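We count residues from 1, following the sequence as given. Keep in mind it's a predicted model, so treat the numbers as computed, not measured.
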Amino acid sequence: MSVRKLKPITPGQRFRVVNGYDAITTDKPEKSLLVPNKRSGGRNSEGKMTMRYIGGGHKRKYRIIDFKRDKAGIPGEVASIQYDPNRTAFIALLNYQDGEKRYVIAQNGLKVGQNIVSGKEGIAPEIGNAMPLSEIPLGTIISCVELRPGQGAVMARSAGAFAQLMARDGKFATIKLPSGETRLILANCMATIGVVSNSDHQLLVGGKAGRTRWLGRRPRTRPVVMNPVDHPMGGGEGKSSGGHPRSRNGIPAKGYRTRSKTKASNKYIVERRKK
């Protein structure tokens with residue numbers, strides 16, 4: 001994986017850093033796994049704006065991703081590594097031996113022609129293979145981790161993300177998550193071996209405001225320049241300070257913990273993430 005810095009032949013390209021896309025092998029998605037993806041513009045079913053700073057952006061089609069990896073024991077050959085506009089990670093198209101095709105999140109080092117498999121028994125802990133936490137060797141770097149058995153992967157799915165299997169005790173496994181939090185998860189939850197692909201994503205630079213608009217994000221107004229009726233940090237004469245940093249609803253920011261002390265899943269958190 002690599003990134004390229006463009007020559008400053010236009011103002012928009014002066015600071016632009018683009019992905020080299022070395023890992024991408026095709027630009028044509030599998031049509032049978034595409035579904036329409038309609039934009040909401042931040043509006044709910046009544047047409048009222050419920051999320052600000054959302055709107056516009058390029059048209060996209062959603063790629064159906066297999067997060068459950070429930071096709072046990074049947075090897076799938078990696079047909080191609082593809083770009084997905086709906087996520088930061090790359091995706092891999094698998095051709096299974098029974099003829100079915102599925103998209104999965106691609107891991108770093110996954111190659112075209114490689115066979116990967118998911119299941120409980122007799123599966124080697126190699127890159128791209130999915131298996132329960134009870135079968136994975138301790139200390140292994142994993143990604144696409146389930147929180148509940150059969151739910152499908154919900155953690156460590158973005159570009160360059162990974163978790164680490166730290167320990168096992170009874171029916172629980174101890175996982176260190178990308179945030180730094182250490183958590184107990186049922187050992188029969190599935191996880192994929194390896195680090196999520198496109199780890200250079202964090203190095204990319206848009207170079208101009210227009211690229212952010214293409215992603216569907218509208219300009220964001222700073223709270224300190226609003227009026228008091230619009231935000232707790234608004235108001236004042238000239239460039240006066242906005243007071244203590246807080247959200248539009250008055251909830252303090254920058255270090256204030258908002259997690260409920262009576263939340264049922266608190267007992268599964270061994271160590272909170274760092275401030």
**Request:** Run the numbers on Ser179 and Arg272 for side chain to side chain donor-acceptor pair (under 3.5 Å), then give the verdict.
**Result:** CA-CA 9 Å; Ser179 64; Arg272 281 290 304 268; over 6 Å; no
**Asked** Tyr53 ring centre to Arg217 NZ or CZ under 6.0 Å, with the angle to the axis within 45°?
**Response** no
**Prompt:** Are Ile65 and Met155 connected in a single hydrophobic cluster, I mean Ile/Leu/Val/Met/Phe/Trp/Tyr linked by side-chain heavy atoms less than 4.5 Å apart?
**Reply:** no
**Shared hydrophobic cluster for Val117 and Ile136 (ILVMFWY, side-chain gaps under 4.5 Å)** = yes
**Asked** Would you say the side-chain atoms of Arg183 pair up with the backbone N or O of Lys176, donor to acceptor, closer than 3.5 Å?
**Response** no
**Message:** Counting only heavy atoms from other residues, nucleotides and ligands, does the tally under 6.0 Å from NZ of Lys111 exceed 12?
**Reply:** no
**Request:** Evaluate the side chain to side chain donor-acceptor pair (under 3.5 Å) criterion for residues Gln82 and Thr25: first the C-alpha distance (whole Å), next the side-chain angles of each, then the deciding distance (0.1 Å), finally the verdict.
**Result:** CA-CA 6 Å; Gln82 300 181 15; Thr25 60; over 6 Å; no
**Asked** Linking I/L/V/M/F/W/Y whenever any side-chain heavy atoms sit under 4.5 Å apart, do Val229 and Met49 land together?
**Response** no
**Item:** Distance, nearest 0.5 Å, that separates CG of Leu33 from CD1 of Ile91
**Value:** 8.5 Å
**Prompt:** With clusters built from Ile, Leu, Val, Met, Phe, Trp and Tyr whose side-chain heavy atoms come within less than 4.5 Å, directly or transitively, what are the remaining members of the cluster of Ile54, listed by chain and number?
**Reply:** Met51
**Prompt:** Which of parallel (below 30°), tilted (30 to 60°) and perpendicular (above 60°) describes Tyr21 and Tyr83?
**Reply:** perpendicular
**Message:** Using modelled atom types and a 3.5 Å cut-off, is there a donor and acceptor pairing between side-chain atoms of Asn129 and backbone atoms of Ala124?
**Reply:** yes
**Request:** Give a yes or no on this: more than 12 heavy atoms of other residues, nucleotides or ligands lie within 6.0 Å of atom CZ of Arg39.
**Result:** yes
**Asked** Is there a donor-acceptor pair under 3.5 Å between the side chain of Thr88 and the backbone N or O of Ala159?
**Response** yes
**Request:** For the residue pair Asp22 and Ser2, confirm or rule out a side-chain donor-acceptor distance under 3.5 Å.
**Result:** yes
**Message:** With a 4.5 Å cut-off on side-chain heavy atoms, are Arg14 and Lys7 touching?
**Reply:** no
**Request:** Please report the closest heavy-atom contact between Tyr103 and Pro29, naming both atoms and the distance.
**Result:** OH-CA, 3.5 Å
**Message:** Donor-acceptor check, side chain of Ser158 to backbone of Ala161, threshold 3.5 angstrom: yes or no?
**Reply:** no
**Prompt:** With the 4.5 Å side-chain cut-off for hydrophobic clustering, are Leu93 and Leu34 part of the same group?
**Reply:** no
**Prompt:** Are the side chains of Arg259 and Ser265 in touch, meaning some heavy atoms are under 4.5 Å apart?
**Reply:** yes
**Prompt:** What heavy-atom pair brings Met190 and Pro132 nearest, and what distance separates the two atoms?
**Reply:** SD-N, 3.6 Å
**Request:** Using side-chain contact (heavy atoms from CB on, under 4.5 Å) as the criterion, point out the one residue from Ile185, Val154, Leu165 that pairs with Val145.
**Result:** Ile185
**Item:** Heavy-atom side-chain contact between Arg60 and Leu215 under 4.5 Å
**Value:** yes
**Asked** Is Asn37 close to Asn86 at the side-chain level, that is, under 4.5 Å between some pair of heavy atoms?
**Response** yes
**Asked** For Asn95, does its backbone N or O pair with a side-chain atom of Glu77 as donor and acceptor, under 3.5 Å?
**Response** no
**Prompt:** How long is the span from the CD atom in Glu126 to the CG atom in Asn115, to the nearest 0.5 Å?
**Reply:** 10.5 Å
**Prompt:** Can you tell me if CZ on Phe15 sees more than 12 non-hydrogen neighbours from other groups inside 6.0 Å?
**Reply:** no
**Request:** Show the numbers, then the answer: is there a side-chain contact (heavy atoms from CB on, under 4.5 Å) between Ile116 and Leu94?
**Result:** CA-CA 9 Å; Ile116 61 176; Leu94 301 185; 3.7 Å; yes
**Item:** Intermediate values then yes/no, side-chain contact (heavy atoms from CB on, under 4.5 Å), Thr212 and Arg218
**Value:** CA-CA 8 Å; Thr212 306; Arg218 298 187 65 237; over 6 Å; no
**Message:** Please check this pair: side chain of Asn249 against backbone of Ile251, looking for a donor-acceptor N/O pair closer than 3.5 Å.
**Reply:** no
**Prompt:** With a 4.0 Å cut-off, would you call Glu100 and Arg102 a salt bridge?
**Reply:** yes
**Item:** Any donor-acceptor N/O pair, Arg43 side chain to Gly47 backbone, under 3.5 Å
**Value:** no
**Asked** Hey, does the side chain of Arg148 reach the backbone of Glu146 with a donor-acceptor pair shorter than 3.5 angstrom?
**Response** no
**Message:** Would you say Arg157 and Thr192 are linked by a side-chain donor-acceptor pair, where the criterion is simply a distance under 3.5 Å?
**Reply:** no
**Fill in**
What one should report as the nearest heavy-atom pair of Ile81 and Ala23 is CB-O, 3.3 Å
**Fill in**
Between Gln164 and Ile142 the two heavy atoms that sit nearest each other are N-CG1, 4.4 Å
**Pairwise distance CE(Met131) to SG(Cys189) - rounded to 0.5 angstrom** = 15.0 Å
**Asked** Looking only at heavy atoms, which two atoms of Ala89 and Asp84 are closest? And how far apart?
**Response** O-CB, 4.2 Å
**Item:** Heavy-atom neighbours of Asp169 CG exceed 12 at 6.0 Å
**Value:** no
**Request:** Could you state whether Ile269 and Leu177 fall into the same hydrophobic cluster, counting links through intermediate Ile, Leu, Val, Met, Phe, Trp or Tyr residues with side-chain heavy atoms under 4.5 angstrom apart?
**Result:** no
**Asked** Quick one: does Gln151's side chain get under 4.5 Å of Phe67's, heavy atoms only?
**Response** no
**Item:** Where Arg69 and Ser118 come nearest, the two heavy atoms and their spacing
**Value:** O-OG, 3.2 Å
**Request:** Can you establish whether the number of heavy atoms outside Arg168 located under 6.0 Å from its atom CZ is more than 12?
**Result:** yes
**Asked** When you measure from the side chain of Asn266 to the backbone N and O of Ser260, does any donor-acceptor pair fall under 3.5 Å?
**Response** yes
**Prompt:** So does Lys71 pair up with Asp66, basic N to acidic O under 4.0 Å?
**Reply:** no
**Prompt:** Is any side-chain heavy atom of Thr221 less than 4.5 Å from a side-chain heavy atom of Met226?
**Reply:** yes
**Request:** Calculate, to the nearest 0.5 Å, the distance between atoms NZ and CD belonging to Lys5 and Gln13 respectively.
**Result:** 10.0 Å
**Request:** State the NZ-SG distance between Lys68 and Cys144, to the nearest 0.5 angstrom.
**Result:** 15.0 Å
**Message:** Quick check against the 3.5 Å criterion: does Ser143 have a side-chain atom that pairs as donor or acceptor with the backbone of Val195?
**Reply:** no
**Request:** With Leu133 as reference, evaluate Ile175, Thr140, Asn188 under the side-chain contact (heavy atoms from CB on, under 4.5 Å) test and give the passing residue.
**Result:** Ile175
**Prompt:** Under a 4.5 Å cut-off applied to non-hydrogen side-chain atoms, are Leu204 and Val3 in contact?
**Reply:** yes
**Asked** Looking at side-chain heavy atoms only, is the closest gap between Ser134 and Lys171 below 4.5 Å?
**Response** no
**Prompt:** Does a donor on one side chain and an acceptor on the other come within less than 3.5 Å for Asn19 and Asp200?
**Reply:** no
**Prompt:** Please walk me through it: do Tyr256 and His244 pass side-chain contact (heavy atoms from CB on, under 4.5 Å)?
**Reply:** CA-CA 11 Å; Tyr256 180 76; His244 295 295; over 6 Å; no
